[in-house]
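First listed ligand is number 1; within each ligand, the first listed atom is number 1.
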Amino acid sequence: MTSILPPVDLPLDSILPDEPLLLMGAGPVPVSQKVAMANSVVINHLGDTMNQVIERVRVMSQYVFQTESKHIIGVAGPGSAAMEMAITNLVWPGRKVLSVQNGFFSGRLAEMAQRNGGDVTLYDVPLGEGASPEKVEALLKSNDFDVLTIVQGETSCTVWNDQLAQITQMAHEYGVLTIVDAVCTLSTMPLEMDNWKVDVVITGGQKGLASIPGVSLIAFSEHVWPVIIERTAPMPHWCLDVRLARQFWEEKGYHYTAPVSGILALHEALRQVCLETLEKRFARHKMCSLALQSAVEAMGLELFVQSKSRLNSVVGINLPQGVDGKQVLKTMSDLYKVEISGSFGLPIVRIGQMGEQSRAHNLFRTLHALGMSMKYSGASIDLPSGMAALERALNVTGNVTA
Ligand SMILES: *Cc1c(COP(=O)(O)O)cnc(C)c1O
């Protein structure tokens, strides 16, 4: 045993700022006080209290996912763990998978399918565009796919698959099971799981739902359920096996010790979505994101994606020639205490519009910080025009929802 004690005089507040930085990046997003409080509570993972919580999470999720399916399963893990649960329960050696790839996260689904032994065909969508239903149909016609994977919002390059409903309905008609990644979009824009014939919807905690990172939700359709339950292929994963996970999520039994605090936080996040109603929440996100987009343009910057397939949940902004994105982010963080995101290799910065990020006061602060920091990095910026455009678009005094 080593006799060297680590230094103990290192309280967290020697690292954390007095006032938290404003999280305006592509996730995690700020959480409400109710979510934060719930996350500080630990209860028994089995028993009557937990059973009631799970039942309510299921009922609220059915509304948020727009499904009548009872098969809502939680995962202790990031959005990627939910992606992996979806893939590993539907893809095994020999299964044919069509992966629609718009960027980094949809590419991750394809990689997971490959790792699980799937025979993967990539539809590599040109950068900055939404997937074309005609191209998908041509692929469905000439192949015998078992599973299709697609993302609703590709957070990495800020593309929205605007024809998602048509693609999933078509895949259903061809007898192909669909997996939709809605990590950044669930509850920020319409997704109708049942009406659009989606078989699996994946979400994470820390993005669209505005809960904490580390606990994710996944919804399975009644249509896909027998495929999972009656599977005969070997299942390499124990934690991610839905047939085991349902012992907890559907049968009030033990699988592994559930992340109780994160589930309580999710309960509060879902409840806030239900209180606001999906209609009002979608409208708020859309109005705030469009206001931000018009203000960014009025300031003299360009948006990365054309309006048709532009994602509202995460806005991608081109870096002007010669401007160092890392420096812009650092200035925003150091001077203005606002954090936004860089990107995975693209010359853009990204601002999130999920949950509490879509509030007028957060937008004013973020736009100002972005404009000033871009200016310090050498960009030519008309900040007053940008702020005026934001004020006009949000119409704060006349608009109670902002
Ligand atoms: C963030 C994100 C993920 C991955 O979520 P993690 O919690 O980081 O694992 C997957 N898909 C999309 C669309 C995302 O935005």
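Proximity of a side-chain donor or acceptor of Asn39 to a complementary backbone N or O of Val35 within less than 3.5 Å is not detected. Although no hydrogens or angles enter the test, the distance criterion places no donor-acceptor pair under 3.5 Å between the side chain of Asn318 and the main chain of Ile348.
Among Met354, Gln206, Met83, the residue whose heavy atom lies nearest to atom 7 (O) of ligand 1 is Gln206.
Of the protein's non-hydrogen atoms, Asp181 OD2, 2.6 Å is the one closest to atom 11 (N) of ligand 1. Of all protein heavy atoms, the one closest to atom 15 (O) of ligand 1 is Thr155 OG1, 2.3 Å.
Between Phe344 and Phe105, the angle of the ring planes goes over 60°, which puts this pair in the perpendicular group of the 30/60° scheme. Using cut-offs of 30° and 60° for the angle between ring planes, the His45 and Phe248 rings count as parallel.
With a 4.0 Å heavy-atom cut-off, ligand 1 is reached by the side chain of Lys207 but not by its N, CA, C or O. Contact annotation: for Val314 versus ligand 1, there are no heavy atoms closer than 4.0 Å.
Note on ligand 1: Gly153 sits in its first shell, one or more heavy atoms being nearer than 4.0 Å.
In the model, Gln327 has no side-chain atom that pairs as donor or acceptor with a side-chain atom of Asp324 under 3.5 Å.
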Worked verdict on Asp124 versus Gln101 for side chain to side chain donor-acceptor pair (under 3.5 Å): CA-CA 5 Å; Asp124 203 356; Gln101 177 177 265; 3.1 Å; yes

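In summary, the atoms of ligand 1 found under 4.0 Å from a heavy atom of Ser80, numbered by their order in the structure, are 4 (C), 5 (O), 6 (P), 9 (O). With ligand atoms numbered from 1 in the order given, ligand 1 contributes 6 (P), 7 (O), 9 (O) to contacts under 4.0 Å with heavy atoms of Pro78. Atoms of ligand 1 lying under 4.0 Å from at least one heavy atom of Val151, given by number and element, are 13 (C).
Judged by the 6.0 Å and 45° rule, Arg95 forms a cation-pi pair with Trp92.
Residue contacts with ligand 1: Gly79 is placed with a nitrogen or oxygen under 3.5 Å of a nitrogen or oxygen of the ligand (distance criterion only).
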